[in-house]
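Residue numbers begin at 1 in each chain, while the letters A, B, ... track the order of the sequences. Hydrogens, waters and symmetry mates play no part in the numbers below; they use all other heavy atoms, side chains included.
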2 protein chains.
Amino acid sequence: MQDKITKLFKAIADPTRRDIFHALVIATSALSITQISSQFDISRQGITKHIKTLEEAGLVHINTHGRERFCNANAKPLKEVSKWVEFYSQFWDNSLQDLENYLNNSKDV
Amino acid sequence: MQDKITKLFKAIADPTRRDIFHALVIATSALSITQISSQFDISRQGITKHIKTLEEAGLVHINTHGRERFCNANAKPLKEVSKWVEFYSQFWDNSLQDLENYLNNSKDV
DNA sequence: ATTTTAAGCAACCAAAAAGTTGCGTATTTA
DNA sequence: TAAATACGCAACTTTTTGGTTGCTTAAAAT
């Protein structure tokens, strides 16, 4: 399909998935598919698909007990997102870059 | 369409857009659409669309000079991503959460 | 003044994503 | 053992996305 980091970014790009992930993070115990579904307006199958996407991004771990599948959030992969963002943090507070670009721009034209 | 943060997450979810953004960040001067296009294998129109998405996410600013449109990266909106990730950082290094969830899980079943 | 260049707009296309329903199966519960 | 529950799988629909081509317009260069 696509590289790992893109899978991760895509996983968190969907608002419903961010909500599911959040619900799992703040939950005091692992939640089954049905338990998660009950908190959202979409079908159980819809939830199952989202969970699969989250799982493939490493953001959810699943523990099967009998007929139930308990989901845990795993925030660790978000370290990668953090690393990605951190690189650009050096550019966001100084408008120096903006100014420089502006000057170069004017000069060139 | 959708909320601001989702626009932002979607903008950076595409690998080509991340590449374009990166190219603009490290560029020493603003780049025109044609200049950006020359660095990628997709058509100018494709680039234009990506730029529009980035612009709507606030990640690119455009300066029109005559018939050219010069693009600058603006990393500031990424602060929002950083904030989002930071919240979850408290969960990623202690496997305490995992253990806790595991125990709750076992207990419930 | 003519030609070249930069880029927007619109229409279109294919693939991916988000969601649905129906059905089968395994595990629990009664 | 029979009924209920939890879930996966597969097929299908709709919307979104990433990309294209063709055409037009405006600015610059010759």
Side-chain angles (χ1 to χ4, degrees), chain A residues 1-21 24 29-57 59-72 105-109, chain B residues 1-21 23-24 29-57 59-72 105-106 108-109:
Chain A
M1 194 221 200
Q2 54 205 353
D3 59 300
K4 230 176 168 192
I5 189 87
T6 298
K7 260 190 196 174
L8 182 56
F9 274 113
K10 292 229 159 139
I12 59 173
D14 184 87
T16 303
R17 277 195 296 267
R18 284 199 305 280
D19 287 349
I20 294 174
F21 177 70
L24 290 174
S29 70
L31 300 180
S32 72
I33 301 289
T34 303
Q35 284 172 330
I36 298 168
S37 306
S38 72
Q39 301 186 31
F40 293 88
D41 268 346
I42 61 182
S43 70
R44 179 178 54 83
Q45 293 307 330
I47 296 292
T48 295
K49 278 197 177 185
H50 281 311
I51 288 290
K52 198 184 167 194
T53 305
L54 288 167
E55 197 192 6
E56 283 174 1
L59 292 167
V60 161
H61 286 164
I62 301 182
N63 238 328
T64 302
H65 285 263
R67 67 186 166 183
E68 287 174 294
R69 307 205 327 134
F70 291 98
C71 305
N72 280 71
N105 187 3
S106 307
K107 177 178 60 194
D108 289 352
V109 186
Chain B
M1 191 222 200
Q2 55 204 352
D3 59 300
K4 230 176 169 190
I5 190 87
T6 297
K7 261 191 195 173
L8 181 58
F9 274 113
K10 291 228 160 138
I12 60 174
D14 183 85
T16 304
R17 277 194 296 268
R18 284 200 304 279
D19 287 348
I20 294 174
F21 177 70
L24 289 175
S29 70
L31 300 180
S32 72
I33 302 289
T34 303
Q35 285 172 330
I36 298 169
S37 305
S38 71
Q39 301 187 31
F40 293 88
D41 268 345
I42 60 183
S43 70
R44 180 178 53 83
Q45 292 307 330
I47 296 292
T48 295
K49 278 196 176 184
H50 281 312
I51 289 289
K52 197 184 168 194
T53 304
L54 288 167
E55 196 193 7
E56 283 175 1
L59 292 167
V60 161
H61 286 165
I62 301 182
N63 238 328
T64 302
H65 284 263
R67 66 185 168 184
E68 287 174 294
R69 306 205 329 134
F70 292 98
C71 306
N72 280 72
N105 187 4
S106 307
D108 289 351
V109 186

Novice: Does S37(A) have any side chain to side chain donor-acceptor pair (under 3.5 Å) partners at least two apart in sequence or in another chain, and if so, which?
Specialist: none
Novice: Heavy atoms within less than 4.0 Å of DNA chain C: which residues of residues 5-17 of chain B have one? Give them sorted by number.
Specialist: none
Novice: Listed by chain and number, what are the side chain to side chain contact (heavy atoms under 4.5 Å, CB included) partners of Q39(A), not counting sequence neighbours?
Specialist: A23(A), L31(A)
Novice: With R18(A), which residues qualify under side chain to side chain contact (heavy atoms under 4.5 Å, CB included), at least two apart?
Specialist: I12(A), P15(A), D3(B), I5(B), T6(B), F9(B), W84(B)
Novice: Just the rounded figure in Å: distance from C1' of dA7(C) to CG of L31(B).
Specialist: 16 Å
Novice: Could you give the NZ-to-P distance, from K52(B) to dG19(D), as a whole number of Å?
Specialist: 16 Å
Novice: On DNA chain C, does the nearest nucleotide to Q2(A) precede the nearest nucleotide to G66(A) from the 5' side, or the other way round? Give the residue.
Specialist: Q2(A)
Novice: Using distance only, find each side-chain donor-acceptor pair of residues 43-53 of chain A under 3.5 Å and give its atom names and separation, not counting sequence neighbours.
Specialist:
from, atom 1, to, atom 2, distance (Å)
S43(A), OG, G46(A), N, 3.1
T48(A), OG1, R44(A), O, 3.1
H50(A), ND1, R17(A), NH1, 3.1
T53(A), OG1, K49(A), O, 3.1

Novice: Applying side chain to side chain donor-acceptor pair (under 3.5 Å), name anything that partners S38(A), two or more places apart in sequence or on another chain.
Specialist: none
Novice: To the nearest angstrom, how far is I36(B) atom CD1 from dA6(C) atom P?
Specialist: 13 Å
Novice: SG of C71(A) to CD of E55(A): how many Å apart, nearest 0.5 Å?
Specialist: 8.0 Å
Novice: Would you give the length of the straight line joining atom CD1 of I62(A) to atom CZ of R69(A), rounded to the nearest 0.5 angstrom?
Specialist: 4.0 Å
Novice: Please give, in whole Å, the distance from dA6(D) C1' to N63(A) CG?
Specialist: 16 Å
Novice: Rounded off to whole Å, could you give me the CZ-to-P distance for the F70(B) and dG8(C) pair?
Specialist: 12 Å
Novice: Starting at atom CG of L54(B), determine the distance to atom C1' of dT17(D), rounded to an integer number of angstrom.
Specialist: 14 Å
Novice: Base, sugar-phosphate alone, or nothing: which one does T53(A) contact when heavy atoms must sit under 4.0 Å apart?
Specialist: nothing
Novice: Quick one: closest heavy-atom pair of L59(A) and A11(A), and the distance?
Specialist: CD1-CB, 4.2 Å
Novice: Counting only non-hydrogen atoms, which of residues 39-51 of chain B are less than 4.0 Å from DNA chain C?
Specialist: R44(B), Q45(B), T48(B)
Novice: Of the non-hydrogen atoms in S32(A) and F70(A), which two are nearest, and what is the gap between them?
Specialist: N-CD2, 3.8 Å
Novice: Taking side chain to side chain donor-acceptor pair (under 3.5 Å) as the test, write out the residues that go with D41(A), two or more places apart.
Specialist: none
Novice: Rounded to whole angstrom units, what separation is found between the CD1 atom of I20(A) and the C1' atom of dA18(C)?
Specialist: 11 Å
Novice: Indicate the atoms forming the closest heavy-atom contact of K7(A) with E56(A), along with that distance.
Specialist: CD-O, 4.0 Å
Novice: Is a donor-acceptor contact shorter than 3.5 angstrom present between the side chain of R67(A) and the base of dA6(D)?
Specialist: no
Novice: To the nearest 10 degrees, what angle separates the axes at the start and end of the helix from dA1(C)-dT30(D) to dA30(C)-dT1(D), five pairs each?
Specialist: 20°
